[in-house]
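Structure record follows, encoded as structure tokens.
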Amino acid sequence: MKQMETAIEVKDLTKKYGNFVAVDHINFTINKGEIFSLLGPNGAGKTTTIGMLSTIKRPTEGDAYILGYSIVKQKYYVRKIIGVSPQDLTADDELSGYENVLIMAKLFGYKGKEAEDRSEWALKFMDLWDSAFRRVREYSGGMRRRLEIAMSIVHNPSVIFLDEPTVGLDVQSRRHIWELVRELKKNGTTVLLTTHYMEEAEALSDRVAIIDHGKIIAIGTPDELKAKIKGDRIYILVKENDQLNEIINKINDIIPNSAIKIDNQILVKTESSSELLPQLIKILSGYDVVELKVVKPNLEEVFLELTGRELREEEGGFDRFKYMRVTRGARR
Amino acid sequence: MIQEVYTLTIRELKKWLSRRGTFVVSLITPLFWLGLFGKSLNFAQMFAPTNIPPQYSSLISKYVDQQLLNLFGTTSYFTYLASGMLVVFGFFQSVFGGTNLVFEKRLGYLNRLLMTPTPRSGIFLSKVFGTLIRILFYETVLILIAWGLGIKFKPGLTVVNILLAGIAIIFVAIGFVSIFAAIAFNVDNVEIMFAIVNLINLPLMFASSALFPLKQMPSWLQEVAKFNPITYAADIVRYNLVGTPISNYLLSWIILIVISITLFVIGMLVSINAMEKA
Ligand SMILES: Nc1ncnc2c1ncn2[C@@H]1O[C@H](COP(=O)(O)OP(=O)(O)OP(=O)(O)O)[C@@H](O)[C@H]1O
Ligand SMILES: [Mg+2]
């Protein structure tokens with residue numbers, strides 16, 4: 001295996017808002033050319049981390065190095081080599097996609113024809129050239145997301161941060177963006193992306209860091225993480241909630257400590273679902289079962305195992321302005 | 001730095017030009033003031049009793065004119081108001097130019113800019129330049145409208161007079177766009193921003209010689225007005241366009257420029273500081 005070069009090195013990075021610790025001494029290293037995901041629920045501290053790495057939020061403690069440049073002491077150099085596609089849409093919807101990208105090219109020092117060529121390349125790369133001269137106001141959600149990425153790759157950054165690049169998109173648009181992110185990797189770009197979709201982290205990343213309450217609780221390749229939970233998970237939802245404990249006891253009589261209650265469901269952990277299922281069905285035959293679900297190990301389960309909570313259970317406060325921004329985009 | 005400022009200034013102007021509605025809406029306020037307020041406040045007629053023999057009425061109107069001349073430096077209040085409104089309009093537009101940033105911040109565009117290597121001063125300067133160019137355009141339109149409505153320019157008005165008036169307005173604008181940009185950089189809430197704008201705008205407009213002469217004000221207000229760059233700009237504009245005498249022309253310029261540059265420097269430093277802080 002060839003020697004890995006470091007693209008991003010994060011050391012004890014911490015951000016406090018008053019007494020509240022949004023990001024708590026996180027450490028990780030990202031290799032050049034890697035796609036690395038920060039996976040975590042709402043409020044985990046993903047955006048705050050990206051904000052610090054992209055030099056617009058000052059860390060309370062710690063530092064990070066992007067290609068060796070400190071995000072605290074060498075902001076200017078960091079800004080030159082990174083591309084950022086923020087969680088909130090930023091494109092100016094009164095201008096065309098092309099104008100938006102061209103402005104970025106010029107702000108990164110490209111002039112005249114070269115700036116135009118770069119913009120054309122970025123828009124073509126993101127499959128937006130056909131709509132390049134339409135006003136951003138007329139773009140669909142998926143197009144707007146792709147435009148954000150186009151704006152952040154126009155200067156050919158070595159490192160790109162994608163903060164929830166597919167939030168709120170349908171499966172098709174999401175896949176489309178995944179394809180393009182893989183293309184970026186092929187070009188040698190290092191990608192740090194955040195997401196709270198475990199499918200996304202699993203489908204795209206070389207490595208994943210699971211972040212919760214500002215702390216990184218697990219880090220590794222998707223396979224390494226999934227190896228943390230052995231066997232399958234079976235979820236059982238019954239109509240009468242007061243029967244839950246009774247069923248749990250019956251299951252635990254067969255395999256001790258395998259069944260627990262989560263929310264209003266029963267979760268059964270088992271080495272092999274195919275062996276347990278026949279017995280389970282026997283037990284459940286006397287009850288009104290609404291749903292029975294066998295889940296192969298995935299990152300969602302890893303998160304649940306580590307935190308006892310589901311990845312998507314808590315939704316953050318509802319900021320109407322933010323909502324507008326994310327759904328319809330900037331509008332005056 | 002020049003390329004960045006240029007790029008961002010062009011962006012401002014493109015946005016402005018693409019919003020056809022705003023253009024008309026922006027001119028409504030000054031037109032309203034000029035047309036309704038300025039034109040209908042006809043002091044000469046107000047003070048002229050109707051049942052007076054014709055031989056006296058010309059005498060009275062002469063007397064009223066004399067009073068107006070003493071008070072406003074011109075016999076037409078419309079002329080007085082219109083020349084003042086040119087400054088007030090520039091002032092308002094500069095305030096809005098700075099205030100604008102609150103939206104830019106709210107909409108995430110500022111964050112996008114801050115993640116690029118663009119010098120922070122460049123982000124600030126492009127706001128100032130964009131606003132100034134808009135103001136120059138509006139002022140040109142406004143002066144033509146005032147002319148159409150019958151403003152009495154001084155005899156022998158030259159292009160130099162008009163340019164000097166424009167420059168005085170530009171100085172007022174530089175000062176206020178800087179200060180309001182600085183405030184906007186430090187305020188996140190749109191409502192709070194507009195509360196601040198309202199708190200400052202109207203008093204500043206009235207505590208100046210733009211709408212009424214200082215002589216007519218209570219002495220404490222006169223003192224306030226003496227620190228108000230709008231006062232000096234209004235005096236300079238009137239001197240140049242209408243020919244209203246001014247007590248010390250050169251001193252007015254110096255005070256205007258010193259206040260404006262001071263506000264500009266403070267505004268720029270505070271803005272840059274806000275951008276770096278986060
Ligand atoms: N400016 C701020 N002042 C105070 N608290 C903040 C501020 N910004 C973020 N926080 C808090 O810090 C925590 C982390 O927020 P952050 O936006 O980084 O989460 P996230 O992982 O990106 O979540 P999401 O998936 O919703 O985008 C949250 O609890 C949030 O409320
Ligand atoms: Mg976030």
Side-chain angles (χ1 to χ4, degrees), chain A residues 15 47-48 50-59 75-96 99-100 102-112 115 135 137 148 151-152 154-155 157 161 163 319 321-322 324-326 328-332, chain B residues 1-23 25-26 96-97 99-123 125-126 130 185 187-193 272-278:
Chain A
K15 180 75 185 180
T47 300
T48 307
I50 298 283
M52 288 189 283
L53 294 180
S54 47
T55 75
I56 57 164
K57 285 194 177 121
R58 189 192 299 277
K75 287 184 196 170
Y76 179 74
Y77 296 99
V78 171
R79 285 169 190 151
K80 284 191 105 143
I81 53 173
I82 61 168
V84 190
S85 166
Q87 178 171 358
D88 299 331
L89 298 172
T90 62
D92 193 325
D93 74 346
E94 290 177 314
L95 302 177
S96 71
E99 285 168 323
N100 269 291
L102 189 64
I103 288 173
M104 285 299 133
K106 291 196 170 153
L107 293 182
F108 278 97
Y110 292 101
K111 292 184 168 64
R135 277 215 206 186
R137 184 168 290 182
E148 291 294 325
M151 286 167 75
S152 50
V154 68
H155 58 294
F161 303 139
D163 195 358
D319 177 346
F321 223 109
K322 185 170 165 182
M324 242 170 60
R325 220 178 327 168
V326 172
R328 291 187 300 153
R331 205 163 281 213
R332 214 152 275 255
Chain B
M1 171 78 164
I2 293 172
Q3 165 153 332
E4 285 94 338
V5 174
Y6 179 77
T7 304
L8 292 176
T9 306
I10 294 293
R11 164 179 176 260
E12 292 254 330
L13 297 178
K14 258 191 193 157
K15 280 164 71 79
W16 171 56
L17 290 175
S18 71
R19 273 183 246 138
R20 287 175 205 91
T22 352
F23 177 72
V25 173
S26 300
F96 294 139
T99 311
N100 206 320
L101 259 164
V102 173
F103 292 103
E104 213 113 281
K105 240 166 65 166
R106 248 0 209 133
L107 295 172
Y109 199 83
L110 183 68
N111 267 348
R112 166 69 77 178
L113 292 183
L114 292 176
M115 290 167 181
T116 69
T118 314
R120 315 289 103 153
S121 54
I123 296 175
L125 286 177
S126 66
F185 269 117
V187 172
D188 286 321
N189 185 304
V190 179
E191 279 92 31
I192 293 180
M193 187 70 219
I272 292 173
N273 184 50
M275 282 185 262
E276 293 289 1
K277 174 180 70 184

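Below, read A as the first sequence line, B as the second, and so on, with proteins coming before strands; counting in each chain starts at 1. Quick caveat: nothing in here was measured; it's all calculated off a predicted structure. Computation of the quantities below employed the complete heavy-atom set of this structure, encompassing side-chain atoms and omitting hydrogens, waters and symmetry-equivalent molecules.
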What heavy-atom pair brings A:Thr90 and B:Gly108 nearest, and what distance separates the two atoms?
CG2-O, 3.3 Å
Side-chain donor or acceptor of B:Arg112 paired with backbone N/O of A:Val84 under 3.5 Å:
yes
Examine whether an atom of B:Ile10 lies under 4.5 Å from a heavy atom of chain A, and if so say whether it belongs to the side chain, the backbone or both; otherwise answer neither.
neither
So for A:Phe161, is it side chain, backbone, both, or neither that comes closer than 4.5 Å to the heavy atoms of chain B?
neither
Least distance between heavy atoms, A:Lys80 atom then B:Pro117 atom:
CG-CG, 3.7 Å
Under the 3.5 angstrom rule, does the side chain of A:Glu99 hit a backbone N or O of B:Arg11 as a donor-acceptor pair?
no
Inter-residue atom distance B:Thr7.OG1 - A:Ile103.CD1, 0.5 Å rounding:
7.5 Å
When rounded to the nearest 0.5 Å, the distance separating CG of B:Leu114 from CZ of A:Arg79 is 7.0 Å
Give, as side chain, backbone, both or neither, the part of B:Leu8 having an atom under 4.5 angstrom from any heavy atom of chain A.
side chain
A:Leu95 versus chain B, the contacting section by heavy-atom distance below 4.5 Å
side chain
Crowded around A:Lys75 NZ? As in, over 12 foreign heavy atoms under 6.0 Å?
yes
Quick check on A:Met104 against chain B: is it the side chain, the backbone, both or neither that has a heavy atom closer than 4.5 Å?
side chain
Quick one: pull up CZ in B:Arg120 and OH in A:Tyr76 and give me the separation to the nearest 0.5 Å.
10.0 Å
First locate atom CD1 of A:Ile56, then atom CE of B:Met115, and finally report the distance between them rounded to the nearest 0.5 Å.
3.5 Å
Quick one: CG on A:Asp92 to CD on B:Glu12, what's the gap to the nearest 0.5 Å?
9.5 Å
Which value, rounded to the nearest 0.5 Å, describes the distance between A:Leu89 atom CG and B:Tyr109 atom OH?
13.5 Å
Quick one: do B:Glu4 and A:Lys106 make a salt bridge, cutoff under 4.0 Å?
no
